[in-house]
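Report on the following structure.
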Amino acid sequence: MLTVNHLSINFDGENLFSDVNLKFTEGNCYGVIGANGAGKSTFLRMLSGDLEPSTGSVEMNPNLRMSVLRQDHFAFDDFTVLDTIIQGNPRLYQIMQEKDALYAKDPFTEEDGNRAAELEAEFAELDGWNSDTEAGRLLQGLGLKADDLLYSGMRYRTDVEKVKILLAQALFGHPDILLLDEPTNHLDIHAIRWLEDFLADYEGTVIVVSHDRHFLNNVCTHIVDIDYGKVRLYVGNYEFWYESSQLVQRMLNDQKKKADEKIRELQEFIRRFSANKSKSRQATSRKKLIDKLAVDELPASSRRYPFVGFTMDREPGKDILEVKGISKTIDGEKILNNVSFRVARGDKIAFVGKTEQAATTLFQILMGELEPDEGTFKWGVSTSQSYFPKDNSSFFNDHTESMLDWLAPYSRTDTLETTLRSFLGKMLFSGNDVYKPVNVLSGGEKVRCMLARMMLFGSNVLVVDQPTNHLDLESITAVNNGLIDFKGNVLFASHDHEFTQTIANRIIEINENGVWDKQCTYDEYLELRG
């Protein structure tokens with residue numbers, strides 16, 4: 001058990017959050033959520049002991065071992081991959097180092113022999129003889145070839161490989177408590193599914209920060225919500241937390257409803273959610289907790305969600321887009337090879353593949369930023385396109401104008417300040433925020449500006465490349481809902497499982513032979529393609 005007592009953290013005279021009292025118990029997975037800057041990573045650092053709280057304490061049974069997903073990709077450059085992973089269990093690694101030093105001594109004394117025997121016993125107790133096997137299994141689960149990597153130096157590994165190796169380090173040696181900050185970053189779908197299965201069968205305590213809603217839904221039994229200076233614990237996964245918080249908020253805002261009517265609707269919501277199909281131990285545990293949930297334990301969030309809504313100035317005709325035999329080689333690598341497909345009215349197509357670069361390159365060609373080496377494409381005469389690029393730096397880096405002045409040229413009909421403020425307000429920019437220079441905006445603020453720009457266009461085709469990067473869960477949900485509701489065509493790429501599953505009605509996989517193309521959902525695609 002991990003217990004938090006009267007915890008608070010203060011920066012520059014202001015509390016990030018205060019008087020936090022929580023208990024984290026074994027067999028449960030806790031998803032920590034909150035807006036960007038709310039203090040999620042700070043909270044994990046206090047739990048791990050890397051950051052001292054301003055007041056209060058974090059208490060852990062001294063017989064338990066905590067493991068933390070490290071974020072410094074260069075901290076282990078002087079070690080092999082195997083040594084890096086084994087350091088996830090510091091005591092085991094210390095024993096190995098001491099053993100090696102003892103056996104290298106000359107002469108080897110009786111006292112050394114007695115100490116070596118003690119170490120060997122503890123080494124066996126910690127399952128040290130299987131450490132190589134476990135490290136290799138973890139790497140393979142995360143999509144790396146253990147035979148090629150285990151004895152190589154960390155300094156020679158790519159950033160993506162280091163992310164996976166550090167995750168393997170955190171999982172190594174059956175820790176009692178796991179602290180994971182964005183563990184799905186840079187993982188492909190297969191590695192994420194493996195991690196979900198690993199955590200579903202994990203018997204210890206997991207505390208995880210993630211922006212991946214599908215991941216949180218699959219692994220979490222509880223949600224820890226950091227919201228405007230408070231840290232509250234709720235039963236259920238992210239979907240249950242979000243739906244119930246929205247329902248409670250609507251109830252609180254509707255003063256005409258009678259109290260008993262509110263309670264009946266909330267009770268019906270709990271009943272319906274509890275009946276959802278469960279496919280893992282975590283989900284079964286969550287269902288039992290929800291069955292016992294009282295109405296007054298449901299969340300009421302004070303968070304603000306941006307409004308993302310796209311309207312078309314005109315309906316598109318029958319012909320949307322035809323792509324014939326497009327190929328493109330970049331830096332000697334063939335990114336696209338004979339890509340051909342036709343887009344029909346109403347298609348919302350997710351482009352997937354082994355790398356994000358394939359979809360990005362295709363979108364750049366379709367939007368006129370790159371020329372194909374071979375092949376052609378043709379947009380329908382009645383179509384109008386709006387593009388959200390993966391890299392938006394050219395829109396902001398060399399611009400010093402305010403958000404209002406930056407947005408004005410993209411409005412085709414009305415540049416009045418009130419109109420522009422309305423669009424920026426939908427993206428949660430209000431008051432003097434709109435006068436902030438665009439070159440100093442955060443990554444999430446830039447994305448919201450780009451969305452406001454797109455909403456001004458009135459296009460009937462949206463080309464969207466990784467729009468959830470840099471966004472918090474509230475903004476991701478808003479973009480997700482906006483693209484679901486959009487009546488035109490959407491061509492998009494995203495590594496967000498929930499986003500892709502709920503928007504796409506067609507999947508195009510870009511591969512070395514061209515494309516695999518099918519009218520299906522993302523989950524159906526994953527099942528069909530193994």
Closest heavy-atom contact between [X] and [Y]?
{"X": "L142", "Y": "A191", "result": "O-CB, 3.7 Å"}
{"X": "V235", "Y": "F240", "result": "O-CD2, 3.5 Å"}
{"X": "S494", "Y": "T500", "result": "O-OG1, 3.5 Å"}
{"X": "R157", "Y": "V81", "result": "CD-CG2, 3.9 Å"}
{"X": "T383", "Y": "N460", "result": "CA-OD1, 3.4 Å"}
{"X": "G309", "Y": "M455", "result": "O-CG, 3.4 Å"}

Legend entry - Criterion side-chain contact (heavy atoms from CB on, under 4.5 Å) on I33 and W241, from CA distance to verdict: CA-CA 10 Å; I33 64 172; W241 174 88; 3.8 Å; yes
Heavy-atom count around [X] [atom1] within 6.0 Å, excluding the residue itself: above 12?
{"X": "K334", "atom1": "NZ", "result": "yes"}
{"X": "D72", "atom1": "CG", "result": "yes"}
{"X": "R342", "atom1": "CZ", "result": "no"}
{"X": "E26", "atom1": "CD", "result": "no"}

Inset, instruction - Any chance you could lay out the side-chain contact (heavy atoms from CB on, under 4.5 Å) test for V209 and E182, step after step, and finish with the verdict? - result: CA-CA 5 Å; V209 171; E182 297 292 355; 4.1 Å; yes
How long is the gap from [atom1] on [X] to [atom2] on [Y], to the nearest 0.5 Å?
{"X": "Q466", "Y": "N392", "atom1": "CD", "atom2": "CG", "result": "13.0 Å"}
{"X": "Q169", "Y": "L69", "atom1": "CD", "atom2": "CG", "result": "8.5 Å"}
{"X": "Y30", "Y": "T25", "atom1": "OH", "atom2": "OG1", "result": "3.0 Å"}
{"X": "D391", "Y": "E369", "atom1": "CG", "atom2": "CD", "result": "9.5 Å"}
{"X": "I85", "Y": "L139", "atom1": "CD1", "atom2": "CG", "result": "4.0 Å"}
{"X": "L321", "Y": "K378", "atom1": "CG", "atom2": "NZ", "result": "11.0 Å"}

Report yes if the side chains of [X] and [Y] come closer than 4.5 Å at any heavy-atom pair, otherwise no.
{"X": "T477", "Y": "Y238", "value": "yes"}
{"X": "L362", "Y": "I510", "value": "yes"}
{"X": "K446", "Y": "V438", "value": "no"}
{"X": "V208", "Y": "C29", "value": "yes"}
{"X": "H497", "Y": "F215", "value": "no"}
{"X": "N337", "Y": "S327", "value": "yes"}
{"X": "V515", "Y": "F351", "value": "no"}
{"X": "F499", "Y": "R213", "value": "yes"}

Whether [X] side chain and [Y] backbone form a donor-acceptor pair below 3.5 Å:
{"X": "D159", "Y": "H186", "result": "no"}
{"X": "R314", "Y": "S382", "result": "yes"}
{"X": "N489", "Y": "D347", "result": "yes"}
{"X": "K40", "Y": "G34", "result": "yes"}
{"X": "N217", "Y": "E239", "result": "yes"}
{"X": "Y522", "Y": "E498", "result": "no"}
{"X": "S430", "Y": "G425", "result": "no"}
{"X": "Q364", "Y": "L370", "result": "no"}
{"X": "K348", "Y": "L483", "result": "yes"}
{"X": "T311", "Y": "G458", "result": "no"}

Pair [X], [Y]: side-chain N/O donor-acceptor within cut-off below 3.5 Å:
{"X": "S475", "Y": "D472", "answer": "yes"}
{"X": "H495", "Y": "N469", "answer": "yes"}
{"X": "S384", "Y": "D313", "answer": "no"}

Legend entry - Pair D50 + R70, salt bridge at N-O below 4.0 Å: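 R70 and D50: salt-bridged.
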Legend entry - Ionic contact status for K436 with E445, cut-off 4.0 Å: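 Salt bridge between E445 and K436, a charged N being under 4.0 Å from a carboxylate O: yes.
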Legend entry - Audit row: W406, R453, side-chain contact (heavy atoms from CB on, under 4.5 Å) steps and yes/no: CA-CA 9 Å; W406 179 88; R453 166 185 173 271; 4.0 Å; yes
Inset, instruction - Would you verify whether the NZ or CZ of K426 falls within 45 degrees of the ring axis of F423 while also being under 6.0 Å from that six-membered ring's centre? - result: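 Yes - K426 lies over the ring of F423, closer than 6.0 Å to its centre and within 45° of its axis.
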Inset, instruction - Determine, stepwise, if the pair V32 / V231 fulfils side-chain contact (heavy atoms from CB on, under 4.5 Å). - result: CA-CA 9 Å; V32 182; V231 182; over 6 Å; no
